[in-house]
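Working notes for the structure below.
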Protein chains: 2
Amino acid sequence: MEFEKLADTLKALADPTRLKIISLLRTRDCCVCELVPIFNISQPAISRHLSRLKTAELVHETRKSQWVFYSLNVKKLEETGFALNHLPDLSEKLKELEKQGLLVRCE
Amino acid sequence: MEFEKLADTLKALADPTRLKIISLLRTRDCCVCELVPIFNISQPAISRHLSRLKTAELVHETRKSQWVFYSLNVKKLEETGFALNHLPDLSEKLKELEKQGLLVRCE
DNA sequence: TATATAAATAACAATATGGTTATATAACTA
DNA sequence: TAGTTATATAACCATATTGTTATTTATATA
């Protein structure tokens, strides 16, 4: 479902740590060990936030020898902002429901 | 904090039921009893979703005799989409951290 | 090969979320 | 005033979220 997918992406964004990570990645790619000291949480916590962002396709990971660098998927982020500002128009659905008498009208 | 507030608003949006409610309100104001039969959840559940949206200032409520009508705060919704596409630039903060030697560099 | 570093995963705990049913409140109506 | 309808709140439960510490996996190096 459309709404389910958008809600999932928004959930991935709806956390201050993850928003800050994304903001940092706007400047440049970062590896996990760079990110950890910036936040007051443990390395596994950062790792899981990154994993969450990766699942939502908001970031991309690349291993470079012993480090894993994360980069922002700008396109996905932009698509999400766009989707928020262009939520589906349900006026047709409302009209249908009215025609079928399935809609209570209050007046 | 900037990120905290944005995260809170995004949390309010990050639910398929609430996204659909917002989409419906794009067409016109709706009262609670109109919304309830559209979803497969109870009236109190809808009521709490609306309450969540109200707290986030994404909707506005107006009582008209026995009904309570909810309307969309288009401005707040647009601001949120905009904020997503214009997350703060933290490059200065990164530079500062580097200067203070607080940033691990991996290469 | 043994050790060190980077990152992910496992197991667990506390809190948040989202649903339910029951009940309270507010406003109409006979 | 008593009853009805619309909505909100309370109490509760199951699951999700987000942190922790301990451990595992992957890579580099002495």
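Here the structure is a predicted model, which means the values were calculated and not measured. Throughout, protein chains are lettered first and strands after them, A, B, ... in sequence-line order, and every chain is numbered starting at 1.
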(message) If we ignore hydrogens and angles and just use 3.5 Å, is the side chain of A/S51 paired with the main-chain N or O of A/S47 as donor and acceptor?
(response) no

(message) Is it the case that the base of C/dA8 and the side chain of A/Q43 share a donor-acceptor contact (distance under 3.5 Å, atom types as modelled)?
(response) yes

(request) Kindly say whether A/S65 contributes a backbone atom to a donor-acceptor pair with the side chain of A/R63 at under 3.5 angstrom? (result) yes

(request) For B/N40 and for B/R63, find the nucleotide of DNA chain C with the closest heavy atom, then tell me which residue's nucleotide is more 5'. (result) B/N40

(message) Taking any heavy-atom pair under 4.0 Å as a contact, classify A/S65: base, sugar-phosphate, or nothing.
(response) sugar-phosphate

(message) Whether A/H49 contacts D/dG19 is assessed here as follows: a side-chain N or O lying under 4.0 Å from the phosphate OP1 or OP2. Is that the case?
(response) yes

(request) Check whether any side-chain N or O of B/E34 sits under 3.5 Å from a backbone N or O of B/C31 as a donor-acceptor pair, and report yes or no. (result) yes

(message) Has B/R18 got a side-chain atom pairing as donor or acceptor with B/A12's backbone, closer than 3.5 angstrom?
(response) yes

(message) Under 4.0 Å from OP1 or OP2 of C/dT20: is there any side-chain N or O of B/S42 that close?
(response) yes

(message) Can you see if the side chain of B/R48 gets near the phosphate of D/dA10 - specifically, an N or O under 4.0 Å from OP1 or OP2?
(response) no

(request) May I ask which nucleotide in the shown strands pairs with D/dA30, Watson-Crick or G-U wobble, both distances under 3.5 Å? (result) C/dT1

(message) So if I take every side-chain heavy atom of B/P44 and compare against D/dG19, D/dA10, D/dT27, which nucleotide ends up nearest?
(response) D/dA10

